[in-house]
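Chain letters run A, B, ... following the sequence lines, proteins first and then strands; every chain starts at 1. We use all heavy atoms of the structure for the numbers below, so side chains are in, but hydrogens, waters and symmetry mates are not.
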There are 2 protein chains.
Amino acid sequence: MDITFENLKQELKKKNIGLSYQRLKVLEYLIQNRCHPTVEQIFTELQKDIPTLSKTTIYNTLRILAEADLVKVINIEEKEARYDIDTKDHGHFKCESCGAIFDFPIDIDSLIPEDLSKFKINDKNVYFKGLCPGCLYNNN
Amino acid sequence: MDITFENLKQELKKKNIGLSYQRLKVLEYLIQNRCHPTVEQIFTELQKDIPTLSKTTIYNTLRILAEADLVKVINIEEKEARYDIDTKDHGHFKCESCGAIFDFPIDIDSLIPEDLSKFKINDKNVYFKGLCPGCLYNNN
DNA sequence: ATACAAATTTGTAATCATTACAATGCTATT
DNA sequence: AATAGCATTGTAATGATTACAAATTTGTAT
């Protein structure tokens, strides 16, 4: 299923999550900004539309969306969480020079070892770090 | 190369890292406690041996060991970092019920897609979350 | 051994993302 | 319009980590 605003609204309804203006704005932002934004980024941008916006609302909304599996939390950094509207399995690469986070395809399931056959896996994360082609080229 | 106290001491010398009592104690603790301990755990335990020990020393030591690639930082949790003396590639599974972290073998390199051929990969992490066999059995 | 410089440790204070909580505001239903 | 329940807001608390400066230890040259 495609990640469209309408589809996600359906999902929220299906899961009995109220479609408040703030929540829809957060969703909209995540759909349009696939750069794995931080709470700070989302807050700063949406504040332009909603002057009374509280950062707590962003935290609440993201927690609810994550619990409903509509958003994936990315803990690739030590300090600040990032959020991804794409919940399908894929890897993340963080450039240690420019800080950008890149998606890459990865077939995680094909590598799950026999050792885990008795475990119930709810969440799979593959994080790489290093230097992206641009920074390598510029010797950053 | 095996992970022994003596081998690690050699590594420290080779990298011009002073072999202070505190640093050796941290290494010793990590070798003997492969449960991916937190700073708090390491500090609490070593304090018994070194009453004047400061938590800052644990942080400093772990940062130095990690920079020297003698220890791997595990950011599988949101808040607290964990540390692993085993720097060879392997996956980590965190049980969301009991909190235990399990190692599992995984051939990460075979998964790296063509898309990343122009990236320099310095660090690879595979983190799963879910329920371990024990907790599944006990319906935790 | 002594003195000195450099490295290391220590303790306190600051930082900063996240969470707790209570008060206010909004929405839907009757 | 009244009410109840949910959502938002703002402030204060939490807690891991870092900054920093003083004190201690270590290594080295004399």
If you look at every heavy atom in [X] and [Y], which pair is closest and at what distance?
X: B:Leu27; Y: B:Ile85; result: CD2-CD1, 3.8 Å
X: B:Leu24; Y: B:Leu12; result: CD2-CD1, 4.3 Å
X: B:Leu62; Y: B:Leu30; result: CD2-CD1, 4.0 Å

Is there a donor-acceptor pair closer than 3.5 Å between any side-chain N or O of B:Arg82 and the backbone N or O of B:Ile76?
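Checked: no pair found.
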N/O donor-acceptor pair under 3.5 Å between A:Gln41 side chain and A:Thr38 backbone:
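A pair under 3.5 Å: yes.
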Return the value, rounded to whole Å, for the distance between atom OH of A:Tyr21 and atom P of C:dT27.
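Taking OH of A:Tyr21 and P of C:dT27, I get 12 Å after rounding.
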Please give, in whole Å, the distance from C:dC26 P to A:Leu19 CG?
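Spelled out: CG on A:Leu19 to P on C:dC26 is 18 Å.
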Could you check whether the rings of B:His36 and B:His90 sit parallel, tilted or perpendicular, using 30° and 60° as the cut-offs?
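Answer is tilted, since the angle falls between 30° and 60°.
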Is there a side-chain contact between [X] and the phosphate of [N], meaning an N or O under 4.0 Å from OP1 or OP2?
X: A:Tyr59; N: C:dT18; answer: yes
X: B:Gln22; N: C:dT10; answer: yes
X: B:Arg23; N: C:dA7; answer: no

The side chain of A:Val39 lies closest to which of these nucleotides: C:dT18, D:dT9, D:dT17?
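For the A:Val39 side chain, the nearest candidate turns out to be C:dT18.
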Compare the minimum distances between each of C:dT10, D:dA7, D:dA16 and the side chain of A:Ser20, then state the nucleotide with the smallest one.
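Looking only at side-chain atoms, A:Ser20 lies closest to D:dA7.
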On DNA chain D, compare the nucleotides closest to A:Ile17 and B:Ala81; which residue's is nearer the 5' end?
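Looking at the nearest nucleotide for each, A:Ile17 comes out on the 5' side.
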Pairwise 5' ranking along DNA chain D for A:Gly18 and B:Asn75, keeping only the more 5' one:
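Its nearest nucleotide lies further toward 5', so the answer is A:Gly18.
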Salt bridge between A:Lys79 and A:Glu40, side-chain N to carboxylate O under 4.0 Å?
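Salt bridge: no.
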Can A:Asp86 and A:Arg34 be counted as an ion pair, charged N to O under 4.0 angstrom?
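Not counted as a salt bridge, because no side-chain N and carboxylate O are separated by less than 4.0 Å.
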Is the A:Phe102 to B:Phe119 ring centre distance short of 6.0 Å?
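Yes, the ring centres sit under 6.0 Å apart.
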By a strict heavy-atom criterion of less than 4.0 Å, which residues belonging to residues 51-58 of chain A are in contact with DNA chain C?
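Result for residues 51-58 of chain A: A:Thr56, sorted by number.
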Kindly state which residues belonging to residues 25-33 of chain B come within less than 4.0 angstrom of DNA chain C, counting heavy atoms of the residue only, listed by number.
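Of all residues in residues 25-33 of chain B, none places a heavy atom under 4.0 Å from DNA chain C.
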